[in-house]
Amino acid sequence: MMGGDKNQDQDAREIPEGPAGDSAFLAALEQQAQAWAAQDLRRIRRVLESAAGPWIEVAGKGRCLSFLSNDYLGLAADPVLRRAIAEGAMAWGAGSGASALISGHLRCHAEAERRLADFVGTPAALLFITGYMANLAVVASLVQGEQDVVFSDRLNHASLIDGCRLSRARIVTYAHGDLVDLATQLAATPARRRLIVSDAVFSMDGDVADLAGLLALAEAYDALLVIDDAHGFGVLGPEGRGALAAAGLRSERLVMMGTLGKGGGLSGAFVAASALVIEHLIQHGRTYVFSTSPAPAVAAAVSTALDLIVAGNWRRERLAELRQALMEGSQVWSRPVAEGTTPIVPVVVGEADATMRLAARLAESRVLLAGIRPPTVPAGTARLRISLSAGHVVEDVEQLCSVGRAAGI
Ligand SMILES: *Cc1c(COP(=O)(O)O)cnc(C)c1O
């Protein structure tokens, strides 16, 4: 009845005609695309003909040595993990059918959350389809509106930045890793609620935040602390339990986000925190509430991924060995490689065009590194990023060093 009335109302009115002619909208998009390309900012996707790994088959190019992937432990193509996914799909289906709050929370999701919470040492955990979605939910549900303030490291990941924007809280950016600046801003900014957000391992620099220092400030200013451990989960800390475990930190004020698509070899993510915060996310995290829950096969494979991570000390030792080999072997390069403890190794070049030329020269020799340009990194700090994986062997790094030298790194 009501629907019928509405249609009749609409039938009685006229849809006004818009202006005809060429689309200014599409012309503006075309112009933007040209300007983007002219600044050497256009990204191009490669098609891979093989599974993720240190050696990949690239369409039109052949077999290449890759330092591109975030598959730090070499688990993405691991046969045991592949089998866990296959068996998970056979047991629980291809899709979950609904969001978790409707009917998409299967036993395999519940078990994955229990195991993840136990693994990182928090009372509870919550699965998300991606880390991006997890960060949006965490930041935008914990602070809301102008009376709240979120304190964000200048080099935080885009998903944290977008979470800040979505929250409509006041955003205060502090200088990268600068706890004095952060403390000054905390002291100077009145707020109903305060949230501090930081990457644990910064994805374009590979450096680790001072997590104990951040937690001390969170305690001093009655803030909660969100730590994005996308690059530390599986890699850092005892048995790969992450950057917070490496620092020996536990607190009700801590909210950890870990991704399963990097060190975990799968896809998806989780938030680990107190039962109170997890319950808050279940109720108010919009990307949790309004999105179909993760594929059951992925949830079912989490426990196998954790077993592989726990048993993967050799993988973490291999990463340290590769990093050492890179430090030594890259001394023949004209640009320095930063010291560090993570598998992310940046080589800062400066301008975007020079960076992309170097990456292209390496690619001609079938060695692939990421050229990272603005807006991903600040202007003038374009860089090559080397991602190491436990799937690499020292000879792979030696090949990178010699090809890099010939290419003029
Ligand atoms: C990759 C990444 C994310 C996003 O995780 P996805 O699961 O890939 O969406 C979030 N934060 C950081 C620091 C990352 O590097």
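The basis for the numbers below is simple: all heavy atoms, side chains too, and nothing from hydrogens, waters or symmetry mates. One-based numbering, in listed order, for ligands and for the atoms of each.
Of the protein's non-hydrogen atoms, the one nearest atom 6 (P) of ligand 1 is Gly131 N, 3.3 Å.
Ring orientation note: the planes of Phe119 and Phe233 are nearly perpendicular, at an angle over 60° on the 30°/60° scale.
Under the 6.0 Å distance and 45° angle rule, Arg107 does not count as a cation-pi partner of Trp92.
Numbered from 1 in the order shown, with element, the atoms of ligand 1 that lie under 4.0 Å from a heavy atom of Thr259 read 5 (O), 7 (O). Of all atoms in ligand 1, listed by their number and element, those nearer than 4.0 Å to a heavy atom of Tyr132 are 4 (C), 5 (O), 6 (P), 9 (O). Below 4.0 Å from some heavy atom of Ala230 lie the following atoms of ligand 1, by number and element: 2 (C), 11 (N), 12 (C), 13 (C), 14 (C), 15 (O). Heavy-atom proximity to Asp228, at under 4.0 Å, picks out these atoms of ligand 1: 10 (C), 11 (N), 12 (C), 13 (C). Close approach of ligand 1 to Thr130 (heavy-atom distance below 4.0 Å) involves ligand atoms 7 (O), 9 (O).
Within the structure, ligand 1 has Lys262 among the residues with a heavy atom less than 4.0 angstrom away. Ligand 1 lies less than 4.0 angstrom from a heavy atom belonging to Ser159.
When each of Leu384, Thr355, Val377, Thr381 is paired with Ile372, the side chain to side chain contact (heavy atoms under 4.5 Å, CB included) condition holds for Val377 and for no other.
Side chain to side chain, Glu279 and Gln283 meet the donor-acceptor criterion of an N or O pair below 3.5 Å. Using modelled atom types and a 3.5 Å distance limit, the side chains of His176 and Asp207 yield a donor-acceptor pair.
Residues Leu236 and His231 are not in side-chain contact: their nearest non-hydrogen atoms beyond the backbone lie 4.5 Å or more apart.
Salt bridge Arg115/Asp118: absent, no basic N to carboxylate O contact under 4.0 Å.
Of the heavy atoms in Ala269, none comes closer than 4.0 Å to ligand 1.
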